[in-house]
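This report concerns only the one structure given below.
Numbers restart at 1 for each chain; the letters A, B, ... are given by sequence-line order, proteins then strands.
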Amino acid sequence: MAYAVDIDSLNPAQREAVLTTEGPLLVLAGAGSGKTRVLTFRIAHMVADLGVRPWQLLAITFTNKAAAEMRERLSSLLPEGTRGMWVCTFHAMCVRMLREDADLLGYTGQFSIYDDDDSRRIVRDIMQALSIEQKQYPINMIRSKISAAKNAMIGPDEMSDRASSPQEEKAARVYAELERRLRAANAMDFDDLLVRTLELLRSRPEVLEKYQERFRYISVDEYQDTNHVQYEIANLLAAKYKNLMVVGDDDQSIYSWRGADISNILDFEQDFADAKVVKLEQNYRSTGHILSAANAVVRHNSQRKDKRLFTAAGDGEKIQAYQASDERDEGRWIASEIDKLHDGGTPYDDIAVFYRTNAQSRILEDMFLRAGVPYKIVGGTRFFDRAEVRDVMAYLKMVVNPADEMSVKRVINTPRRGIGSTSIQKIEMLAASNRCSFFQACELACAETGMFSAKVRNGLADFVNIVRRGRRMDGELKDAVEAIVESAGLVQAYRSEGTMEAEGRAENIQEFMGVAAEFEESHEDIEGTLESLEELRAAGVGDVPQPAPASTLADTPFASSAAQAASEIERTYGPLACKALPALMEWLALRSDLDALSGQSSAITMMTIHSAKGLEFPAVFVAGMEEGIFPHVAGFGGEDAAKLEEERRLAYVAITRARKRLFLTYAATRRTYGSTQANPRSRFMNEIPDEDIEFSGIGSSGFSGTGWEKRGDRRGTFGSGQGSDMYGGRVFGSYTRSTGGSGASAGSYDSFFGVAGTERHRGVSPDAGRKPATFGSGAARPRQQKASAPVEQRRPDAARAAEVFAVGDAVSHKTFGAGTVISVDGDMIEVQFEKSGKTKKLMKGFAPIVKL
DNA sequence: CTCCGAGTAGTTTTT
DNA sequence: CTACTCGGAG
């Protein structure tokens, strides 16, 4: 048989996976084993060779980005098109299904989606209302308990019955109120999207049937990251035809703390007795040393399916380990190594720096800035998480769904309209006594002369009008958004503040409107749209079957207040004229990261290890390889083995991102939360075989694997001995163990100081001992003269240092673009950048900035 | 109602 | 150390 896809380019295991199109299939895909290729080839094969119609296919991914990538690869494999194929995340799929049949659950199709921040706020409000002390019952604890209950399909009542602790009892009460409010607001949080879909599929056989019949072939990527509800949904959808393919790697399960359940993948063979299992163990990504290190580390986990990646590629370069004196030195060393790589022809785009926690990015960022290494940060505080942007979004959400109490309350007094918490409370009472939505109560309040002052009533009237006018806006999405923002008066309010910060916020809002305009353009194409069969038929897509007779449902079991309130509002304020607005809101709610927005400029990538999953880079740095940081404090101490294993999987993920070069760094001392601590080197580094790794920096290779080091590790004396004693000026003098066991390390110091090896004890006086402190924070690395050179070169040169900056000066930064100086303090200047809106403190002369 | 200061918490995160 | 939240004073 001649295949439309190049089946010969696959290895036997991959080929088997691609050709197994019928029945349940579990693909255990190790890191870098070509799993995306298998996934896309398999689908392309089905469509091009086996006559499966694109609309019969459902491919679920974990992130929007992965979905977009897959769609792209599929459309290049399938020139005849992929229209009707659903390639999306679980959440996007659920939203699509819920929009269509929300009325069966007592919601309207216009329901709002509450993201994490919204959900947090509402829980906080509820806890306040129920006077539950946040001190005693931390909000995140309550939220995770509720989330766990939701995902176990346990309702508030049942949770209350089962509550075995005061925490759970309180959580159940919050849960009950949360449900009530979400329903009343016609809103769903991220958990609800999944849970309600499962509810829909379970309670409505005709709906389930519709999708079971349509989606004959289902594949789920990153199966190890699915939670219980997602697992149920997938199984339900596939229950009829059993053509379910799941792809995953138990070694890369790093989201259990978020409800991901590894047992989903481990138990697949039990769920489907006749499941075929294919293991993809050949790695096409990394070189030998890197792969060997990854294998060695992950082998320390007990809870895993045994597999071992192998590669046909050569050993490649050894992993470079570097012990820095402190976190600043670490950043500097990484910067200088990046410089070397770049000089050697590696583009910045091929380099990534990973860290365990976002907090670590600061110092690294700072050091890169000074060294002139261009970087971009993935994750962290994102554009769409900025308060002012969220405010705009809340206005838009409110216009789309005025019952959305959360959004209404968020912006009712932003910008200031003189409506404070007492007025809001009164409106709440009004809403309760009139049994109407909060928003309708706002309107009632305008007429209530007795209850509110004229000032408040005027403010409310303005506010209510925003919705009235907003809903009438038709035409271009961009214009509608602009009109709503305009009538909200946000930009004007910021502009009149006159501060640089407010100006930045105003600019962010402008930028947001640019995003909206962009969305309208890119939204035109049908690609990526999840169409129903009806829509496909209407669009003239051939051989789409007749739908099952429409389920005429007079008996909506939930005559819910949400639906009533929503339709009430529809009647009162008229239908929403701008149809693109809900689509924009949905896209915003389910957005992944804004990597599309960050330009294509050449820069290294900085991100947490979690966000690095699924990516690969020719050169990878992992910073902060220290006990307490990675594995993070929560994971060690012994008692929680499962947590430690997850940290180890995280290490596995980090290591396996690297194709050719891997650098692991750790610092002898590190400032965290203001105090300095000395952390021993990460146990994960010790799990890497000696032949795969090379140590350098203070206390280099001769140390590894010697007995004393392990003894030191436990007490943390290794780090503190090297680090703090060094600063105390007693590097070699009193540190007897190091003189005995560390020839290589001493050697490196010796060559640095130019002291003969045999004389080092006498030669280094306490006074001279301070020098290492200089070396630690000054030059990059003792042994290689060259290494320190790049940093050295970036010393403030005369011209740069002489440049005078004044507040208000326009400047341009190599990485951050244009900005304005907002303060000057000696050699430090603070600059606000236009693009990011962020302010940064920069060192005059070091930072790559020029006055415009 | 707003503003300012003290106090405190402080993994990982896509949807 | 810092960013954010809460509570009290104006």
Side-chain angles (χ1 to χ4, degrees), chain A residues 60-67 88-95 113-121 124 128 133-135 138-140 144 147 151 188-195 197 222 225-227 229-230 253-260 327 354-363 378-382 384-385 387 413-425 453 455-456 459 586-595 607-614 624 628-636 643 646-647 649-651 653-654 670-677 841:
Chain A
I60 299 170
T61 59
F62 193 58
T63 66
N64 288 315
K65 196 177 164 205
C88 57
T89 63
F90 261 108
H91 291 266
M93 174 186 80
C94 290
V95 170
I113 299 169
Y114 280 0
D115 68 19
D116 212 56
D117 187 64
D118 298 324
S119 158
R120 240 185 85 88
R121 286 169 89 95
R124 195 196 56 200
Q128 234 150 37
E133 281 290 323
Q134 272 203 45
K135 291 222 175 86
I139 185 162
N140 285 332
S144 68
S147 179
N151 284 305
M188 298 196 205
D189 62 20
F190 284 133
D191 284 333
D192 287 336
L193 293 178
L194 303 172
V195 168
T197 301
E222 306 281 15
D225 288 325
T226 53
N227 66 26
V229 174
Q230 291 168 327
S253 162
I254 54 175
Y255 285 107
S256 74
W257 50 276
R258 226 173 59 191
E327 74 280 3
F354 302 155
Y355 32 83
R356 176 63 236 271
T357 68
N358 279 311
Q360 289 169 256
S361 72
R362 272 251 195 97
I363 312 103
V378 175
T381 311
R382 293 179 292 269
F384 289 121
D385 287 333
N413 200 30
T414 321
R416 304 266 119 93
R417 293 189 183 86
I419 304 163
S421 57
T422 27
S423 300
I424 290 172
Q425 268 174 13
S453 69
K455 189 181 137 210
V456 170
E586 181 169 316
W587 177 76
L588 286 170
L590 298 180
R591 87 210 110 91
S592 62
D593 207 7
L594 198 52
D595 32 18
M607 62 182 125
T608 63
I609 302 167
H610 280 92
S611 23
K613 201 181 68 164
I629 306 267
F630 190 25
H632 199 265
V633 257
F636 84 106
K643 255 186 171 159
E646 180 144 319
E647 293 284 316
R649 288 193 294 270
L650 200 52
V653 168
R670 180 179 297 272
R671 282 185 85 85
T672 11
Y673 305 146
S675 63
T676 303
Q677 50 177 270
K841 289 196 179 107

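Taking every side-chain heavy atom of A:Leu590 into account, B:dT15 is the closest of B:dT15, C:dC6, B:dT11. Among the nucleotides B:dT11, B:dT15, C:dC6, the one closest to the side chain of A:Asp116 is B:dT15. The side chain of A:Phe190 lies closest to B:dT15 when the candidates are B:dT15, C:dC6, B:dT13. Counting only heavy atoms from C-beta on, A:Arg416 has its side chain closest to B:dC3 among B:dC3, B:dG10, B:dT13. Side-chain proximity of A:Arg124 to the nucleotides C:dC6, B:dT13, B:dT11 is greatest for C:dC6.
Atom CG of A:Asp385 is separated from atom C1' of B:dT15 by 12 Å (rounded to the nearest Å). In this structure, A:Asp117 atom CG and B:dT14 atom P are separated by 14 Å, rounded to whole Å. Atom CZ in A:Arg121 sits roughly 12 Å away from atom C1' in C:dT5 (whole-Å rounding). Straight-line distance from the CD atom of A:Gln360 to the C1' atom of C:dT2: 16 Å, rounded to whole Å. Following rounding to the nearest Å, A:Phe90 (CZ) and B:dT15 (P) show an atom-to-atom distance of 14 Å. As a whole-Å value, the separation of A:Arg417 CZ from B:dT2 C1' is 16 Å. Rounded to an integer number of Å, the gap from CH2 of A:Trp257 to P of B:dT13 is 6 Å. Residue A:Phe384 contributes atom CZ, which lies 12 Å from atom P of B:dT15 at whole-angstrom precision.
Looking at heavy-atom distances under 4.0 Å, A:Asp225 makes no contact with the nucleic acid at all. Using a 4.0 Å heavy-atom cutoff across all strands shown, A:Phe62 reaches sugar-phosphate atoms only and no base atom. Residue-level contact check: A:Ser675 touches neither bases nor backbone, having no heavy atom under 4.0 Å from any strand. Using a 4.0 Å heavy-atom criterion, one finds that A:Ile419 contacts the sugar-phosphate atoms exclusively. Note on A:Asp191: nothing from the nucleic acid sits closer than 4.0 angstrom, heavy atoms only.
Of the C1' atoms belonging to B:dT11 and C:dC6, the separation is 24 Å, rounded to the nearest Å. B:dT12 and C:dT5 are spaced 16 Å apart, taking the P atom of each and rounding to whole Å.
Residue whose closest nucleotide on DNA chain B sits further toward the 5' end, between A:Ile424 and A:Ile609: A:Ile424. Taking the nucleotide of DNA chain B with the nearest heavy atom to each of A:Glu646 and A:Asn413, the more 5' of the two is matched to A:Asn413.
By the criterion of a centre-to-centre distance under 5.5 Å and near-parallel planes under 30°, the ring of A:Tyr673 forms no stack with the base of C:dC1. A:His632 qualifies as a stacking partner of the B:dT11 base, centre to centre under 5.5 Å and near-parallel within 30°.
Note on A:Lys643 versus A:Glu646: no salt bridge recorded, every NZ/NE/NH1/NH2 to OD/OE distance being 4.0 Å or above.
In A:Arg120, the CZ atom is not crowded: 12 or fewer heavy atoms of neighbouring residues, nucleotides or ligands sit closer than 6.0 Å.
Taking 90° from 0 as the syn/anti boundary, the base of B:dT12 is oriented anti.
Heavy atoms only, all atoms of each residue included: A:Gly459 and A:Ile419 are closest at C-CD1, 4.0 Å.
Note on A:Asn358: every side-chain N or O is 4.0 Å or more away from OP1 and OP2 of B:dG10. Distances shorter than 4.0 Å separate none of the side-chain N or O atoms of A:Asn140 from OP1 or OP2 on B:dG10. Within the structure, every side-chain polar atom (N or O) of A:Thr672 is placed at least 4.0 Å from both OP1 and OP2 of B:dG10. Within the structure, a side-chain polar atom (N or O) of A:Arg362 is placed less than 4.0 Å from OP1 or OP2 of C:dA3. At least one side-chain nitrogen or oxygen of A:Asn64 sits closer than 4.0 Å to the OP1 or OP2 atom of B:dT15.
Counting only heavy atoms from C-beta outward, the side chains of A:Leu590 and A:Thr89 never approach each other to under 4.5 Å. A:Phe90 has its side chain out of reach of A:Thr197: every pair of non-hydrogen atoms, C-beta onward, lies at least 4.5 Å apart. Considering only heavy atoms from C-beta on, A:Gln360 stays 4.5 Å or farther from A:Glu327 through its side chain. Looking at A:Arg671 and A:Gln677, their side chains never come closer than 4.5 Å, going by heavy atoms from C-beta outward.
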Atom pairs under 3.5 Å, N or O on each side, protein against nucleotides 7-10 of chain C: can you list them with distances?
none

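With hydrogens and angles left out, the side chain of A:Arg258 and the base of B:dT12 share no donor-acceptor pair within 3.5 Å.
Of the possible donor and acceptor atoms, none in the side chain of A:Gln230 sits under 3.5 Å from a partner among the backbone N and O of A:Leu194. Of the possible donor and acceptor atoms, one in the side chain of A:Asn413 sits under 3.5 Å from a partner among the backbone N and O of A:Gly418. A distance-only check finds a donor-acceptor pair linking the side chain of A:Arg649 to the backbone of A:Ser253 [under 3.5 Å].
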